[in-house]
Student: 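The structure follows.
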2 protein chains.
Amino acid sequence: MDEALQKLKNHIQETVKLSESEWDFIAPHFSFKRLKKHQFLVQEGIDVPNEFWIVNGLVRSYFMEENGKEHILQFAMENYWVSDFNAYQNHEISTLNIDCLEDSTFLVMSFEDREMMCERVPALANFFRIKSTKGFIALQKRVMGLMKDNAETRYNDLIEKLPGLTQRVPKKYLASYLGVSRETLSRFSND
Amino acid sequence: MDEALQKLKNHIQETVKLSESEWDFIAPHFSFKRLKKHQFLVQEGIDVPNEFWIVNGLVRSYFMEENGKEHILQFAMENYWVSDFNAYQNHEISTLNIDCLEDSTFLVMSFEDREMMCERVPALANFFRIKSTKGFIALQKRVMGLMKDNAETRYNDLIEKLPGLTQRVPKKYLASYLGVSRETLSRFSND
DNA sequence: GCTTTGGTGTGATGTAGATCACATCAGTCA
DNA sequence: TGACTGATGTGATCTACATCACACCAAAGC
């Protein structure tokens, strides 16, 4: 836990300056969580009081159609923030599932604590502002890819962006992230 | 201009509290801009020192493939913030175009001013943090729609979300936003 | 007024990728 | 060790949508 908090402190300080007293105020509001592969961090139909910073491991966030088809919205690993942000921000029940693709550990922060800390510690508000802007930009690039590129190009872009991922997850998950069928992906992924 | 600033003040105060002295500090850093239909707010290949708050009017932000095909990323109107946020945030040249679909007016804020004001006025940092989070959530919903819905469903969702838009823009632009050809859209949009 | 330009509909045809149906192979568990 | 279960590849077929090629009409510019 202490080690995890130290890592988080470094992570935040890559983006904003944080005084020792500010950090001492923030740190106690995080709790530690450990999950095994296949366990769920967030589940559809349940409220989402927390967001999570991944200390280590790998998760996927996905949603399901009525017919049972799954679509992966995001892979998240070390240093990523994850949650069902829609449910979290608007106090709704989750429409997403987030489960672990590997044993993983997290630091957990509640919505109330986040809002309170952002009021009290402006640097933290700026940290989340900048993180959120970058998340927005990344998603916008994803939309652009979905609109202009075919499945094979999107696959090549993905393995270029996250080269380690192919070794860590089955290809059916890559297909689900790319919005393409497992079979189609198999026809052009030659390795 | 004064009227526009008053509207902006109200807009910000819908999300965060802002003291009079804070507002008096912020307000002078906005400038006013007026464009006619077909004029450009942002152009591909040029740097993007500003973001814009739309006082009134309607713009589209879009990108082009090498072959000249256009894809609309966003329609933005009254109360929306627009820019090429990737270029703006990372000081890169623009890959997007933003042009006016109607005569429009804007309040303009530079990147340096925004960062400076967010440092000095924590409420503003929180304002942009929350706005940015909501933008992220909206984009995530768009990705989900692209992954699970067919073109007709996406069209119906769009006219439900922005019912006025169909009257304000040609259908080819709706098609371009939805990621579908003009002809295909024409076959199921019966009005 | 006439001409040009842009918006829209619609038929015919082409195609990326989905779906269905298998086969193979590795890992896991009793 | 033998029996599942899950990951992967591959052929055959189907389908949503793109593309091409028109026609028609309203608004804008000379």
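Quick note on labels: first sequence line is chain A, next is B, and so on, each numbered from 1.
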Student: Can you classify the ring geometry of A/Trp81 versus A/His11 as parallel (below 30°), tilted (30 to 60°) or perpendicular (above 60°)?
Tutor: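 Answer is tilted, since the angle falls between 30° and 60°.
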Student: Which nucleotide sits closest to the side chain of B/Ser181: D/dA16, C/dG17, D/dA18?
Tutor: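 Of the options given, the side chain of B/Ser181 lies nearest D/dA18.
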Student: Does the distance from a Lys or Arg side-chain N to an Asp or Glu carboxylate O, for A/Arg129 and B/Glu115, drop under 4.0 Å?
Tutor: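 Answer for the salt bridge query: yes.
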Student: Establish whether the base of D/dC20 is bridged to the side chain of B/Glu183 by a donor-acceptor pair shorter than 3.5 Å.
Tutor: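 Per atom types, the contact qualifies.
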Student: Give a yes or no answer on whether the side chain of B/Glu22 reaches the backbone of B/Ser19 with a donor-acceptor pair at less than 3.5 Å.
Tutor: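 Side chain of B/Glu22 to backbone of B/Ser19: a pair is present.
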Student: Between the side chains of B/Arg60 and B/Glu70, is the shortest nitrogen-to-carboxylate-oxygen separation below 4.0 Å, so that they form an ion pair?
Tutor: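 Salt bridge between B/Glu70 and B/Arg60, a charged N being under 4.0 Å from a carboxylate O: yes.
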Student: So, is B/Lys69 near the phosphate of D/dT19, with a side-chain N or O under 4.0 Å from OP1 or OP2?
Tutor: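 Indeed, a polar side-chain atom of B/Lys69 lies that close.
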Student: Measure from NZ on A/Lys171 to P on D/dT10 and round the result to the nearest Å.
Tutor: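 A/Lys171 atom NZ is separated from D/dT10 atom P by 10 Å.
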Student: Give a yes/no answer on whether the side chain of B/Thr184 brings an N or O atom under 4.0 Å of OP1 or OP2 in D/dC17.
Tutor: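 No, no such contact exists.
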Student: When you match A/Arg182 and A/Gly179 each to their closest nucleotide on DNA chain C, which lands nearer the 5' end?
Tutor: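 Checking each residue's closest nucleotide, the 5'-ward one belongs to A/Gly179.
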Student: Rounded to whole angstroms, how far apart are CG on A/Asn67 and P on C/dA18?
Tutor: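 So the CG-P distance, A/Asn67 to C/dA18, works out to 14 Å.
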Student: Grab the NZ-P distance between A/Lys37 and D/dG6 for me, whole Å please.
Tutor: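 Roughly 12 Å, once rounded to whole Å.
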Student: Taking the six-membered ring of B/Tyr177, is the NZ or CZ of B/Arg154 close enough (under 6.0 Å from the centre) and on axis enough (within 45°)?
Tutor: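 Ring-cation test returns no.
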Student: Atom NZ of A/Lys148 and atom C1' of C/dA16: how far apart are they, to the nearest Å?
Tutor: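 Interatomic distance, NZ of A/Lys148 to C1' of C/dA16: 17 Å.
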Student: In whole Å, what is the span from the CG atom of A/Leu185 to the P atom of D/dA7?
Tutor: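 Taking atom P of D/dA7 as the reference, CG of A/Leu185 is at 14 Å.
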Student: How close or far is atom P of C/dG7 from atom CZ of B/Arg168, stated in whole angstroms?
Tutor: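 Distance, rounded to whole Å: 17 Å.
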Student: Between C/dA12, D/dC17, C/dA16, which one does the side chain of B/Asn150 approach most closely?
Tutor: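 The answer is D/dC17.
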Student: Establish, with yes or no, whether the OP1 or OP2 oxygen of C/dG7 is under 4.0 angstrom from a side-chain nitrogen or oxygen of B/Lys172.
Tutor: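 Answer is yes, contact under 4.0 Å.
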Student: Please compare A/Glu152 and B/Pro170 by the position of their nearest nucleotide in DNA chain C and report the one closer to 5'.
Tutor: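 Nearest nucleotide further toward 5': that of B/Pro170.
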Student: Please state how far atom CG in B/Leu178 lies from atom C1' in D/dA18, giving the value in whole angstrom units.
Tutor: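 Nearest whole value for this atom pair: 15 Å.
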Student: To the nearest Å, give me how far apart NE2 (A/His71) and P (C/dA18) are.
Tutor: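 The answer, rounded to whole Å, is 11 Å.
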